[in-house]
Asker: 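Take a look at the following structure, please.
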Number of protein chains: 2
Amino acid sequence: MSVDPTAPLLPRDAVPLFAALGDSTRLSLLSRLQDGQPHAIVELTQGSGLTRQAVTKHLRVLERARLVISQREGRETRYVFDATGLNEARSYLEMASLQWDRAIDRLRLFVED
Amino acid sequence: MSVDPTAPLLPRDAVPLFAALGDSTRLSLLSRLQDGQPHAIVELTQGSGLTRQAVTKHLRVLERARLVISQREGRETRYVFDATGLNEARSYLEMASLQWDRAIDRLRLFVED
DNA sequence: TTTATATGCAACCATAAGGTTGCATATTGT
DNA sequence: ACAATATGCAACCTTATGGTTGCATATAAA
């Protein structure tokens with residue numbers, strides 16, 4: 001009953017992933033987490049122009065999309081970048097791109113008759 | 001005043017792109033357009049379980065994200081897949097992935113002292 | 001043991017998003 | 001000319017979504 005890590009991402013799972021990426025606040029949170037270091041919520045709130053609770057909500061959206069991981073450390077919750085979601089999104093788009101290339105090839109063959 | 005086609009996608013432009021991909025209806029519309037053929041709105045409405053107007057709105061979102069192109073042909077509007085948006089999204093994620101790899105390398109070096 | 005920090009939870013708000021219905025209009029088919 | 005198609009536009013509805021404030025609670029610092 002485990003999940004095949006090499007299985008292609010279903011459109012159904014891609015939706016929340018792309019939706020998570022489709023927000024400027026979350027995109028900038030992700031870029032701040034790209035250093036690979038754990039960041040506490042208060043820290044991520046700094047300079048965001050938002051309240052801590054708003055940032056918390058965004059981080060949870062990112063976590064459900066497997067773009068970040070949260071870990072409680074004492075009184076603070078640290079968030080770390082997680083490449084899982086990023087790789088899933090990448091492979092989904094690569095698949096789409098391949099399909100597109102094949103479609104183009106078929107069209108070309110069809111025209112060349 | 002023209003746009004450099006090789007310029008990296010700004011996060012600002014990536015947001016509407018990912019947001020466009022973050023909806024199941026639009027994702028399935030895109031897959032139907034992957035055959036490279038122009039499809040009229042009525043046709044795309046078939047089997048969507050939605051009204052023509054709803055589908056029209058989705059198609060316009062996709063068009064603003066440069067994922068499809070519309071062309072009026074007589075009394076019907078045909079939509080065709082456009083790889084521009086797809087490639088922009090791909091390159092954005094590839095960039096992010098590269099940055100992540102570099103961050104990991106730095107962390108590894110730091111740890112190995 | 002106070003006091004200050006860092007969060008979680010819940011209620012609430014305004015606006016954006018996804019959908020629908022109704023009506024007008026330009027093309028195509030009879 | 002007349003009927004049938006394929007759309008566009010606009011108004012309206014409902015529900016997410018992005019944000020906020022207020023309050024309770026656990027942990028760290030004085």
Side-chain angles (χ1 to χ4, degrees), chain A residues 11-33 37-81 85 89, chain B residues 11-33 37-81 85 89:
Chain A
R12 188 181 151 276
D13 300 310
V15 170
L17 187 47
F18 287 126
L21 293 170
D23 178 275
S24 58
T25 300
R26 289 193 289 268
L27 228 42
S28 62
L29 281 174
L30 274 184
S31 77
R32 290 180 66 176
L33 290 169
Q37 308 274 2
H39 294 273
I41 299 178
V42 256
E43 186 196 334
L44 292 170
T45 301
Q46 307 291 344
S48 71
L50 298 178
T51 60
R52 172 182 58 84
Q53 291 85 338
V55 173
T56 299
K57 286 189 182 178
H58 283 298
L59 288 169
R60 286 180 181 165
V61 171
L62 291 173
E63 186 172 30
R64 270 182 301 167
R66 282 147 305 176
L67 287 162
V68 303
I69 290 175
S70 71
Q71 41 192 324
R72 189 82 195 228
E73 205 77 41
R75 69 176 154 181
E76 55 187 15
T77 299
R78 311 248 180 79
Y79 280 86
V80 191
F81 186 84
Chain B
R12 186 178 150 276
D13 299 310
V15 170
L17 187 46
F18 287 126
L21 294 170
D23 177 275
S24 57
T25 299
R26 289 194 289 268
L27 229 40
S28 62
L29 281 174
L30 274 184
S31 76
R32 290 180 65 176
L33 289 169
Q37 308 275 2
H39 294 272
I41 299 178
V42 256
E43 187 197 332
L44 292 170
T45 301
Q46 308 290 342
S48 70
L50 298 178
T51 60
R52 171 182 58 84
Q53 291 84 339
V55 173
T56 298
K57 286 188 183 180
H58 283 297
L59 288 169
R60 287 180 180 165
V61 171
L62 291 173
E63 187 173 28
R64 270 182 300 166
R66 281 147 308 180
L67 287 163
V68 302
I69 290 174
S70 72
Q71 39 194 329
R72 189 82 195 227
E73 205 78 42
R75 69 175 153 183
E76 55 187 14
T77 299
R78 311 248 179 78
Y79 281 86
V80 191
F81 186 84

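Lettering of chains follows the sequences in order, A, B, ..., and the numbering in each one begins at 1.
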Asker: To the nearest Å, how far apart are B:Phe18 CZ and C:dA17 P?
Answerer: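 It is 17 Å, rounded to the nearest whole Å.
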Asker: When the distance from CD1 of B:Ile41 to P of C:dA26 is rounded to whole Å, what number comes out?
Answerer: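 Nearest whole value for this atom pair: 17 Å.
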Asker: Rounded to the Å, how far apart are B:Leu21 CG and C:dG18 P?
Answerer: 13 Å
Asker: Tell me: CG of B:Leu59 to P of C:dG19, nearest whole Å?
Answerer: 12 Å
Asker: Which pairs of donor and acceptor atoms, one on a side chain in residues 54-67 of chain A, lie under 3.5 Å apart (sequence neighbours left out)?
Answerer:
{"unit_1": "A:Thr56", "atom_1": "OG1", "unit_2": "A:Arg52", "atom_2": "O", "d": "2.9"}
{"unit_1": "A:His58", "atom_1": "ND1", "unit_2": "A:Arg26", "atom_2": "NH1", "d": "3.1"}
{"unit_1": "A:Glu63", "atom_1": "OE2", "unit_2": "A:Ser70", "atom_2": "N", "d": "3.2"}
{"unit_1": "A:Glu63", "atom_1": "OE2", "unit_2": "A:Ser70", "atom_2": "OG", "d": "2.7"}
{"unit_1": "A:Arg66", "atom_1": "NH1", "unit_2": "A:Glu88", "atom_2": "OE1", "d": "3.3"}
{"unit_1": "A:Arg66", "atom_1": "NH1", "unit_2": "A:Glu88", "atom_2": "OE2", "d": "3.2"}
{"unit_1": "A:Arg66", "atom_1": "NH2", "unit_2": "A:Glu88", "atom_2": "OE1", "d": "3.3"}

Asker: Check whether any side-chain nitrogen or oxygen of B:Thr56 sits under 4.0 Å from OP1 or OP2 of D:dT7, and answer yes or no.
Answerer: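 False: B:Thr56 side-chain N/O out of range (4.0 Å or more) of D:dT7 OP1/OP2.
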Asker: Without decimals, in angstroms, what is the distance between A:Glu73 CD and D:dA26 P?
Answerer: 18 Å
Asker: Taking only N/O atoms, report every protein-nucleotides 1-5 of chain C pair under 3.5 Å with atom names and distance.
Answerer:
{"unit_1": "C:dT5", "atom_1": "O4'", "unit_2": "A:Arg75", "atom_2": "NH1", "d": "3.0"}
{"unit_1": "C:dT5", "atom_1": "O2", "unit_2": "A:Arg75", "atom_2": "NH1", "d": "3.2"}

Asker: Can you confirm whether A:Leu44 sits close enough to A:Leu33 that some side-chain heavy atom of one is under 4.5 Å from a side-chain heavy atom of the other?
Answerer: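 Side chain of A:Leu44 against side chain of A:Leu33, heavy atoms only: contact under 4.5 Å found.
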Asker: Is there a side chain to side chain contact (heavy atoms under 4.5 Å, CB included) between B:Leu27 and B:Leu21? Walk through the geometry before answering.
Answerer: CA-CA 6 Å; B:Leu27 229 40; B:Leu21 294 170; 4.1 Å; yes
Asker: Report the residue (A:Gly74 or B:Thr77) whose heavy-atom-nearest nucleotide on DNA chain D is the more 5′ of the two.
Answerer: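 Here B:Thr77 is the residue nearer the 5' end.
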Asker: Give every residue pair that meets the salt bridge (charged side-chain N to carboxylate O under 4.0 Å, His left out) criterion with at least one member in residues 67-76 of chain A, sequence neighbours excluded.
Answerer: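 Sorted pair list: A:Glu76-A:Arg78.
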Asker: Apply side-chain hydrogen bond (donor to acceptor under 3.5 Å, both in side chains) to B:Glu43 and list each qualifying residue two or more places apart in sequence or on a separate chain.
Answerer: B:His39
Asker: Quick one: bend of the helix from C:dT1-D:dA30 to C:dT30-D:dA1 from 5 pairs per end, to 10°?
Answerer: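 It comes to 30° between the two terminal axes.
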Asker: Quickly work out the B:Arg78 CZ to D:dG8 C1' distance and round it to whole Å.
Answerer: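 The answer, rounded to whole Å, is 17 Å.
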Asker: Holding to ring-ring contact (aromatic ring centres under 6.0 Å, His included), I want the full list of residues that pass it with B:Phe81, two or more places apart in sequence or in another chain.
Answerer: A:Trp100
Asker: To the nearest Å, how far apart are A:Arg72 CZ and D:dT25 P?
Answerer: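 Taking atom P of D:dT25 as the reference, CZ of A:Arg72 is at 14 Å.
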Asker: Spell out protein contact along nucleotides 15-21 of chain D as letters: B when the base is contacted, S when just the sugar-phosphate is, - when no protein heavy atom is under 4.0 Å; keep the 5' to 3' order.
Answerer: ---SBBB
Asker: Can you check the B:Arg60 CZ to C:dG19 C1' distance for me, whole Å?
Answerer: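 Whole-Å distance recorded here is 15 Å.
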Asker: Who passes side-chain contact (heavy atoms from CB on, under 4.5 Å) against B:Val80, sequence neighbours left out?
Answerer: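 side-chain contact (heavy atoms from CB on, under 4.5 Å) check on B:Val80 returns B:Pro38, B:Gln71.
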Asker: Excluding sequence neighbours, so at least two apart, what forms ring-ring contact (aromatic ring centres under 6.0 Å, His included) with A:Phe18?
Answerer: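 With sequence neighbours excluded, A:Phe18 shows a ring-ring contact (aromatic ring centres under 6.0 Å, His included) to A:Tyr92, given in chain and number order.
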